[in-house]
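Before any comments, here is the structure.
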Amino acid sequence: MPDAPDRAAVPTRDPRAQPPGGSAAKDPAGSSAGAPDCLGRALADARSPRVPALSPYVPERPFPWSGPGLPLTDRGRRRTDAAAASRGPRRRAAAGARTDSGPGSAVTGSAAVGAAPIRHDAPLDLARLLRLSLAAPAGTSGRLRPVPSAGALHPVRAHLLVGPGCSLPPGRYAYDPHTHRAHPRGPAPDGVPAGVLVVLTVAASRTVAHYGHRAWPLLLLDAGHAAAALAQAGPPTADVLVCLDADGALLSAAAGLPRAPARHSEWQAAELEPPLAAVWFTPSGGSVRTIDPLSAWATRVLASAPVRAPDPPIAQPRELSYTQRLLSLLAQAPARPAGTWHPASRPEDVTGKTLTTRRSAPPDDLRRPPERELLASVLTTARAASPAGPDWTVVTGGAAPALYTASPGRPGLLLHAHGDARPTLAHWAARQAWIGTTGAVLLAHGCPDDASPAEVRISHLAAGYAIGLAQTHATALGLRSRPIGSWQQADLGAALGEAPGRDWIVHGLALGAPPAKTTTPPATRTATPLTTRTATAPAAPTAAPRATRPTPHSTDPPAPGTTARTTPPGEEERP
């Protein structure tokens, strides 16, 4: 994206007058009573064809947590300071200041904080868990990781709440995926359960700079993907539970974070990180159902604060402040603060190699339709991921394009509508023309116009979580895949003749069979209307008038005689 002038900063409010997480908490518009209206406007705006306002990219701040930082290593990988140093001068200086000085910074074979060594023979090896899920590969820029992210911006941060039985000593830690280090942030309260509780937060600045008013749904999807990556990386000797609806105030208290929106006055060195989800790993066979892990960790909130940034404060764009407050609103769940914990499903045939080699395939590798049996298997994985999640549909191309749903009570696909919907999906997905020729698309849909904050949150988090599982399963089956997160005017229900505004596409996954050794590009199909088996539904548009200016993620080729614009950072990994 080209640079543009900074937008005006939002006037600072007194955080003490706005207790977050309670019934009197303010919504992004500044009125608790107006929260549903505010959310409805935000939904409509994110789904509209309005082009995001251009703004400069916000530089990633140095990792703000103090302490020497424990280098996490396992038998399959040995990270060194030299690998961390390849990140660039600014990160190298920051990493060196934290890791090369202070007690416990010298590591030979095992790291230590004081007299507590890292145990590589512990039941829960956190080094392997994080390497297979959130870590940036050694010697890379950190953009291509095991977990996908919108624009490869990776806004999700992990706070580790470590109990007995883990390779790290008990306590609170902040995880730095660039250096594969855990930064101690305080002791563990008495009586915390065995295992590790991972609280996932999002730092929205770069995603907002990239996507503007469309950023907040993508941040929710990214958090769901991160939860899925963690859940699949859990060892076979651990039980894994996932929570996507716990109250944000309780999540913050458990992680030792200050309650939003007080962050800017208390911890000005750190970005606001609304907490959205948690993943809990415990040794197999434990009676985890009788324990509320978040409340156990929230009994003592003392934790270290971030290091004050050496640079002057960055002006807070209005869009960023709005997005942060909207996410804080969505994180509130006062009716059920401890949340709902679901066992994590693990697709068959998924190995550590599957997790570390999974990548978003280039569009040209997605043209061949997968076999129906494989599509049915991936659809089953997505549907089983979260009981409270969205509905699911598979759109196929090939000789007989159609829409399918899962067949109740038996394996296979159930025909829902005839016709080639892929050109319409390409138009809805920010005019990404390649979707019109992809082999198949898995769609998560629901979240009506009048959805409550809880429904909006769970619809997007669960969609990201399920697509994360489905993509890994597809990779294990040999399929190529690519997440699709940005959708505008994608009213699937209305296109199929149902009531408008009730069934919107939330997330998608393009799927294709592996390219043959010698292939000929297929001819472009002529779009046909979507037709149900009982009635003909209104045909969704297969071509739409061009916007006055292209969206930031337009894939249209440059006109003859013009110079192609440089691809923005993250374009090739954009969902």
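Bear in mind that the values here come from a model prediction, so they are computed numbers and not experimental data.
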| note | Rounding to 0.5 Å, atoms NE2 (His342) and CG (Asp245) come to a distance of 6.5 Å

| field | His183 side chain to Tyr175 side chain, donor-acceptor N/O pair below 3.5 angstrom | value | no

| said: With a 3.5 Å distance limit and no angle check, can you tell me whether Gln232 reaches the backbone of Ala228 through a side-chain donor-acceptor pair? | reply: yes

| query | Taking the side chain from Thr356 and the backbone from Gly352, do they hold a donor-acceptor pair closer than 3.5 Å? | reply | yes

| task | Can you measure from NE2 (His507) to CG (Leu220) and round to the nearest 0.5 angstrom? | result | 11.0 Å

| task | Taking atom types as modelled, find out whether Ser149 and Arg145 have a side-chain donor-acceptor pair closer than 3.5 angstrom. | result | no

| For Pro155, which of Val208, Thr207, Leu218 qualifies under side-chain contact (heavy atoms from CB on, under 4.5 Å)? | Thr207

| query | Going by the angle between their ring planes, with limits at 30° and 60°, are His460 and Trp216 parallel, tilted or perpendicular? | reply | tilted

| message | Quick check: do Leu276 and Leu200 have side-chain heavy atoms less than 4.5 Å from each other? | response | no

| message | Between Thr299 (side chain only) and Ala296 (backbone N and O only), is there a donor and an acceptor less than 3.5 Å apart? | response | yes

| said: Is it the case that the side chain of Tyr211 and the backbone of Gly151 share a donor-acceptor pair, with hydrogens and angles ignored and the cut-off at 3.5 Å? | reply: yes

| said: Could you tell me if Thr475 and Thr472 have a donor-acceptor pair between their side chains, going purely by distance under 3.5 Å? | reply: no

| request: Could you tell me the separation between the OG atom of Ser205 and the CG atom of Leu153, rounded to the nearest 0.5 Å? | output: 9.5 Å

| query | Where the side chain of Arg172 meets the backbone of His159, is there a donor-acceptor pair that is under 3.5 Å apart? | reply | no

| request: Mind checking the OG-CG spacing from Ser360 to Leu509? Nearest 0.5 Å is all I need. | output: 8.5 Å

